[in-house]
Amino acid sequence: MPQPPPAPDQFHGMAAAAAAAAAHPAYVAAAVKAMSPPAGTHYSDGSPLSFGNSLRRRERKSGRTDGPEKRSRSNSRPRGALGGGSVAAASASIAQGAKASHGAGGGVAASPWAEVESLLSLSDAEQMMLGNKSRKMMAEEKLKAIDVLEMKLPVIANAFDRASETVRACIREKVLERVFDLSKDDCGCVLVKHLLKLSQAEDPWAELGADKQLDSTPTDLSLGGVNITDEGVHLQIFALEVPKERAGQTLRDLKLRETYHFCAVVLESGGELDVRIDQPLPAGSKLWVGLEHGTTLDQALECLEEFLGHKPDTVHTRLLRLRCFSIDERKDWLGADLIQNRIRKDFGVTVIGIISRGTGESDSIALFPRPTQVLQKGDRLVVLKSDIERLQVSSAPATRSQSSFVEELVESMRVVDLVKDKNGCHVIREAFCRMPEYLKRRLWKRLQSWTVVDKTKYVREIDRNHLLEQVIKSQHGIHVIREILRQALFNNGFGPENDEIVGTLLEIVEDQADARSGELKPLPSSFVGPCGGALLDKRKFSYRLVLWLIEYFSYRNRGRIQGLLDCFAHNAQQLIDENNGSIVLSSVLEYGEVQREKVFRVILARIDDITRERIKSLPKFWYPSFLIDKLVVDDRKILNMIPGGKADLKATLLRGENLQRIQEHRSGKYTARRIFDELAENEEERREFAKACPKLLELEHDAEEKRPQKRAETSFNDSLFRESAHSGQV
């Protein structure tokens with residue numbers, strides 16, 4: 001099974017090594033060593049990361065099968081593990097290649113990463129750190145073999161963070177233009193991940209410049225008063241919960257200002273903040289408003305009761321810290337009103353107030369001005385904190401803040417195509433990890449969506465089979481599903497739709513296993529079997545969803561998973577002969593309190609088949625050995641939960657030639673050794689096992705025999721409780 005990728009903090013020393021290499025050629029070798037993947041990095045099939053292994057994989061894919069004489073011996077070494085006498089030559093080649101590629105533009109004109117890279121102005125040392133496969137830093141074939149994204153993240157993140165805001169805004173625009181291509185590029189996807197990560201820096205309210213929510217009495221409402229400070233204007237806003245009878249109406253329908261003297265600022269619905277408020281108001285949403293200047297307290301209380309339909313005891317309030325923008329910076333706006341200047345339409349900016357030239361006292365502020373108000377020299381616009389950047393960064397319209405960028409980035413992603421890509425899946429996983437609840441829910445819906453052309457329009461529909469075939473059965477998409485389950489389990493990441501989303505995944509598995517009816521019957525070929533396309537197909541990764549759901553509901557709602565566990569225990573005879581089926585049974589042993597013993601009896605029966613059917617040689621793949629491991633490891637934790645479990649397992653193993661045949665099997669010999677070491681608790685029991693299988697005693701005294709590593713640890717399947725999971729790439 002693949003190992004999790006190295007933690008980013010393991011690479012902190014590489015940037016220093018690369019910088020040293022750029023400063024002095026003598027340090028190039030040290031930089032090469034620092035950039036080497038750590039020992040223990042594996043492919044998805046468990047094979048160790050090496051150049052030769054990678055090359056052979058590509059040859060099999062392309063149909064090329066050059067003989068060993070056509071491959072250098074160094075191809076079998078990990079990156080940086082250069083043979084004797086080759087370090088100096090390789091170092092000089094790297095230094096010369098990096099210099100030449102940088103001076104010639106690196107030959108990356110066709111790459112979607114090229115434009116962004118030029119904006120970041122990466123140094124030679126940083127380009128070496130990136131290990132961009134288009135550069136001749138090492139042999140081309142070797143560079144194609146390795147794509148460790150975590151090595152690139154610190155360099156790209158540092159380059160972006162030290163860039164000016166103007167450059168960062170330009171990068172956001174270029175990322176939006178080519179988000180799909182960049183997300184599939186090995187360096188571009190790291191940048192997109194970093195931009196998504198930045199979105200977690202502030203919650204939506206903090207980005208707007210609002211303080212924490214307070215509970216106030218209606219009589220404490222500010223009557224249109226404001227406080228002017230050096231940094232801007234402070235304004236109190238309060239929340240109106242939209243009653244059911246007003247749901248579906250727009251602000252124009254309500255005539256909010258004319259009827260109630262309220263001026264809308266923000267609509268809060270499902271964790272999403274909408275400052276434009278051009279949609280019908282959802283029931284239960286919060287409309288945050290300010291009082292029209294000049295409104296009396298009696299008027300405010302009367303209008304509050306009339307709008308809500310009752311007299312509230314408390315109201316939610318926030319202090320909104322607004323910013324000021326001088327009209328003198330945009331002289332083309334002078335002498336025209338807000339409509340003519342298209343401030344809202346072109347820039348997406350809501351003007352909350354205008355401070356007229358003069359004293360600067362609060363009386364000179366026109367709060368919530370009419371759109372026909374003409375702008376004069378010296379005037380200052382009062383706007384949201386998140387909007388001031390749109391006006392200052394560039395004179396061009398549509399310059400986006402981080403918040404608006406992230407939302408538009410998510411909307412522009414071709415989600416299903418990206419989750420199936422080795423780099424793109426990292427971007428979507430990062431989005432599910434970092435996005436606010438409402439954007440996570442949008443992403444989830446798009447995983448199930450497909451577009452139908454109906455001559456005149458595109459229709460978006462929900463199709464669970466699309467989710468199953470395109471995402472769950474994808475080598476990379478299944479790890480996006482894992483992140484969804486982790487967010488639901490630990491963070492309640494999808495808010496009110498949390499249970500519905502996980503329930504949808506469970507229903508997909510139940511449908512494939514034909515377990516929705518509650519009737520116990522054989523598992524269909526859509527779930528397990530020799531035909532391709534089954535959920536437990538050994539060539540697919542979708543079996544992991546079954547394991548994760550068992551784990552999820554065992555902690556969240558054990559009763560919800562019982563029907564599926566009953567189905568698996570009832571069909572243990574069918575599952576035990578399949579690779580992924582036996583892995584599913586191992587989860588039943590671990591989490592199925594009621595079903596555990598039924599699976600255990602099937603394992604014992606399969607062991608007894610050896611003597612009963614006089615089997616002289618076990619089949620090449622004999623999966624019960626894996627389940628015996630599961631019972632025995634961790635001080636027989638699972639076995640001890642079964643009444644009489646150890647005695648029954650011991651008696652079965654000692655019966656006839658059962659233990660001897662297991663020990664003779666290619667993988668069963670490790671199981672037999674574990675039985676001898678861990679099932680036997682004293683010397684007397686070890687002698688019993690040695691008598692049934694003398695080979696065990698011989699191996700004990702064989703100094704060269706290595707004790708096997710545990711192959712049945714509970715975390716082997718990327719448990720939801722592990723910090724990270726590999727996505728099947730190098």
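Values below: all heavy atoms of this structure, side chains included; hydrogens, waters and symmetry mates excluded.
A 4.5 Å side-chain heavy-atom check between I484 and L447 finds at least one atom pair inside the cut-off. Under the 4.5 Å side-chain criterion, counting only non-hydrogen atoms from C-beta, K193 is in contact with V427. Under the 4.5 Å side-chain criterion, counting only non-hydrogen atoms from C-beta, I327 is not in contact with Q376. Looking at H261 and L291, their side chains never come closer than 4.5 Å, going by heavy atoms from C-beta outward. L384 is listed as a side-chain neighbour of L322, based on a closest heavy-atom distance under 4.5 Å. Considering only heavy atoms from C-beta on, E483 comes within 4.5 Å of C433 through its side chain. Residues L381 and V349 form no side-chain contact, since every pair of their non-hydrogen atoms from C-beta on lies 4.5 Å or further apart. Two residues are said to be in side-chain contact when any heavy atoms from C-beta on lie closer than 4.5 Å; L191 and I171 meet this criterion.
Between the side chain of D337 and the main chain of I339, a donor-acceptor pair closer than 3.5 Å is present. Side-chain atoms of Q299 come within 3.5 Å of backbone N or O of T296 as a donor-acceptor pair. Between the side chain of D421 and the main chain of L418, no donor-acceptor pair closer than 3.5 Å is present. A distance-only check finds no donor-acceptor pair linking the side chain of D274 to the backbone of L267 [under 3.5 Å]. Using modelled atom types, no side-chain atom of T259 and backbone atom of L256 make a donor-acceptor pair closer than 3.5 Å. Side chain of R556 to backbone of A488: a donor-acceptor contact under 3.5 angstrom is found. Of the possible donor and acceptor atoms, none in the side chain of D211 sits under 3.5 Å from a partner among the backbone N and O of R318. Looking only at distances, a side-chain donor or acceptor of R257 sits under 3.5 Å from a matching main-chain atom of F368. A donor-acceptor pair is defined here as one N or O able to donate and one able to accept, closer than 3.5 Å; no such pair exists between the side chain of S285 and the backbone of L281. Looking at N498, its side chain does come within 3.5 Å of a backbone N or O of F494 through a donor-acceptor pair.
Shown here for V374 and G335, the closest heavy-atom pair between the two residues is CG1-C, 3.6 Å. Across all their heavy atoms, F307 and R246 have their closest contact at O-NE, 2.9 Å. The two atoms that bring V242 and P282 nearest to each other are CB-O, 3.6 Å, heavy atoms only. Closest approach of R370 and L338 over heavy atoms only: O-CD1, 3.8 Å. Closest approach of P312 to L304, counting heavy atoms only: CG-CD2, 3.7 Å. Across every non-hydrogen atom of C189 and S183, the tightest pair is CB-O, 3.1 Å.
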Pair R446, V416 - check side chain to side chain contact (heavy atoms under 4.5 Å, CB included), show working. CA-CA 8 Å; R446 293 179 62 190; V416 175; over 6 Å; no
Residue pair R464, E507: steps toward the side chain to side chain contact (heavy atoms under 4.5 Å, CB included) verdict: CA-CA 10 Å; R464 289 185 178 181; E507 288 171 5; 2.6 Å; yes
Verify side chain to side chain contact (heavy atoms under 4.5 Å, CB included) between I472 and I478, making sure each step is shown before the conclusion. CA-CA 5 Å; I472 294 173; I478 188 62; 4.2 Å; yes
Set out, in order, the CA-CA distance, both residues' side-chain angles and the distance that settles side chain to side chain contact (heavy atoms under 4.5 Å, CB included) for K385 and R321, then state yes or no. CA-CA 7 Å; K385 174 186 174 182; R321 302 175 185 275; over 6 Å; no
Please report the C-alpha distance between E292 and T295 in whole Å, then the side-chain angles of each, then the deciding distance to 0.1 Å, and finally whether the side chain to side chain donor-acceptor pair (under 3.5 Å) criterion is met. CA-CA 6 Å; E292 185 178 23; T295 304; 4.6 Å; no
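S164 and T166 form no side-chain donor-acceptor contact under 3.5 Å, judged by distance and modelled atom types alone.
Among the candidates N423, I156, V155, V116, the single residue satisfying the side-chain contact (heavy atoms from CB on, under 4.5 Å) test with C187 is I156.
Atom NE2 in H476 sits 6.0 Å away from atom SG in C425 (nearest 0.5 Å). Once rounded to the nearest 0.5 Å, the distance linking CG of N158 with NE2 of H194 reads 9.0 Å. Of the inter-residue distances, the one linking R168 atom CZ with R162 atom CZ reads 12.0 Å to the nearest 0.5 angstrom. Annotation: the span from L468 atom CG to I481 atom CD1 amounts to 9.5 Å, rounded to 0.5 Å. Between the CG atom of D379 and the CG atom of L334 there is a distance of 8.5 Å, given to the nearest 0.5 Å. With rounding to the nearest 0.5 angstrom, the CD atom of Q213 is 10.0 Å from the CD1 atom of I237.
Under the side chain to side chain contact (heavy atoms under 4.5 Å, CB included) criterion, T317 pairs with L214, S216, L221, Q236, F238, V315, sequence neighbours left out.
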